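Owing to the predicted nature of the structure, the values given are computational and were not obtained by experimental measurement.
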Amino acid sequence: MTVVITGATGRVGGNVVDGLLERGIRVRVTSRNPSGAVFPAGVEVVRADLNEPESLRAALVGAERVFLYPRVQDPDALVAVLSEAGVEHVVLLSASSAAAEGVEDDFNGASLLRRIERPLAASGLTYTFLRPDTFAANASGWRDTIRAGGTVPLPYPDSVQVPIHEKDIADVAVVALTTDRLNNAAPVLTGPERITLREQVAAIGVAIERELSVVEQTEAEAREFFGRFMPPRFFDVILGAWRASVGATPTISPEVEKITGHPGRTFARWAVDHADLYR
């Protein structure tokens, strides 16, 4: 079996590559700049750009399954190329917001549902839509202020989340790419625990053996601070989610353990795995 991985330099895609190699699966990755990419031994690298769907054809020759990163400009053209190439199954890295009420008003979910999931579901290909909730890796955005002063500015530090380790998403993807268990399924994936942003900061402090503190912000202060890193409309969605989740009890999905056979990794485990980000 040959599996094509797009987005292989990303947190999830890189772990999917590793998981497939451990199972002895032939892995072919795509890269817009193969000469500048570094991958494990045994991985075939083919030049392709998801925003140029025709460029993907060479990578798909003889491939049965594809792991698809969702950031594409013309999903209909991409799905057509996948179908014409004889691909049997596509595993899409989607998001839990893709199935939410009012998805058309959500900058992330609307894109994934209307522009990626629907064409794939209508294509005749079998598929798996992986729908992770909050990524534990979102906390990597705190690294600069932690390194500089041991602080994390936050407007709603008691916002409750169920963050998922990217390795758990990758483990589910490997199951979907190597078996038929998740054909035409769309599992929602979360971490194994509810944890506040404040508790996440504390877990990082334990991992790096350093006392960290949260600097509570007003919404106006947060907009000014985070506006340096992202467009206002994106941050307003995140801010609204943080505000709404203070004191909440979000659902903990059982899917990671049910699919992989192992409990999901905790945020504390994620913090240990990524401690070097903050040192």
So, Arg28 side chain and Ala59 main chain: donor-acceptor pair closer than 3.5 Å or not?
yes

Can a side-chain donor-acceptor contact be found between Gln217 and Glu224 if the only test is distance below 3.5 angstrom?
no

Donor-acceptor contact present, side-chain Arg147 to main-chain Leu277, <3.5 Å:
yes

Do Asp171 and Arg265 meet the salt-bridge criterion of a basic N to acidic O distance under 4.0 Å?
yes

Expected output: side-chain Gln200 to main-chain Phe267 donor-acceptor under 3.5 Å
no

Is there a donor in the side chain of Ser159 and an acceptor in the side chain of Ser245, or the other way round, less than 3.5 Å apart?
yes

So do Leu50 and Leu68 actually touch side chain to side chain, heavy atoms under 4.5 Å?
yes

Is a side-chain donor or acceptor of Glu257 paired with a backbone partner of Pro254 at a separation under 3.5 angstrom?
no

Taking everything shown except Glu84 itself, do over 12 heavy atoms lie less than 6.0 Å from its CD?
yes

Are the side chains of Leu130 and Leu92 in touch, meaning some heavy atoms are under 4.5 Å apart?
no

Euclidean distance, Asn184 CG relative to Tyr127 OH, rounded to 0.5 Å:
4.5 Å

Where the side chain of Thr128 meets the backbone of Leu182, is there a donor-acceptor pair that is under 3.5 Å apart?
yes

Check ion pair Glu216-Arg198 (N to O, under 4.0 angstrom)
yes

Should the pair Arg32-Glu52 be classified as a salt bridge under the 4.0 Å nitrogen-to-oxygen rule?
no

Check against salt bridge (Lys or Arg N to Asp or Glu O under 4.0 Å), Glu44 and Arg26
CA-CA 8 Å; Glu44 181 183 359; Arg26 184 182 179 193; 3.3 Å; yes

Set out, in order, the CA-CA distance, both residues' side-chain angles and the distance that settles salt bridge (Lys or Arg N to Asp or Glu O under 4.0 Å) for Arg223 and Asp236, then state yes or no.
CA-CA 8 Å; Arg223 283 194 178 92; Asp236 283 344; 2.9 Å; yes

Polar side chain donor-acceptor pair, Thr178 to Arg23, under 3.5 angstrom
yes

Between CZ on residue Arg71 and OG1 on residue Thr6, distance to nearest 0.5 Å:
12.0 Å

Could you tell me whether the side chain of Asp133 and the main chain of Leu189 form a donor-acceptor pair under 3.5 Å?
no

Student check: side-chain heavy atoms of Ser123 and Leu82 closer than 4.5 Å
no

Could you grab the distance from atom CG of Leu212 to atom CD1 of Ile208, nearest 0.5 Å is fine?
4.5 Å

Can you check whether Thr260 reaches Asp168 side chain to side chain, under 4.5 Å on heavy atoms?
no

State whether a side-chain donor-acceptor pair under 3.5 Å links Ser94 with Glu117.
yes

Any side-chain donor paired with an acceptor under 3.5 Å for Ser140 and Asn138?
no

Measure from the side-chain N and O atoms of Glu166 to the backbone N and O of Val12, and report whether any donor-acceptor pair falls under 3.5 Å.
no

Contact between Leu93 and Pro132 at the side-chain level, heavy atoms closer than 4.5 Å - yes or no?
yes

Please identify each residue that fulfils ring-ring contact (aromatic ring centres under 6.0 Å, His included) with His274, with sequence neighbours left out.
His165, Trp270

Inspect the contact between Asp273 and Arg269 and indicate whether a charged nitrogen and a carboxylate oxygen are less than 4.0 angstrom apart.
yes

Cationic N near anionic O, under 4.0 Å, Asp180 to Arg65
yes

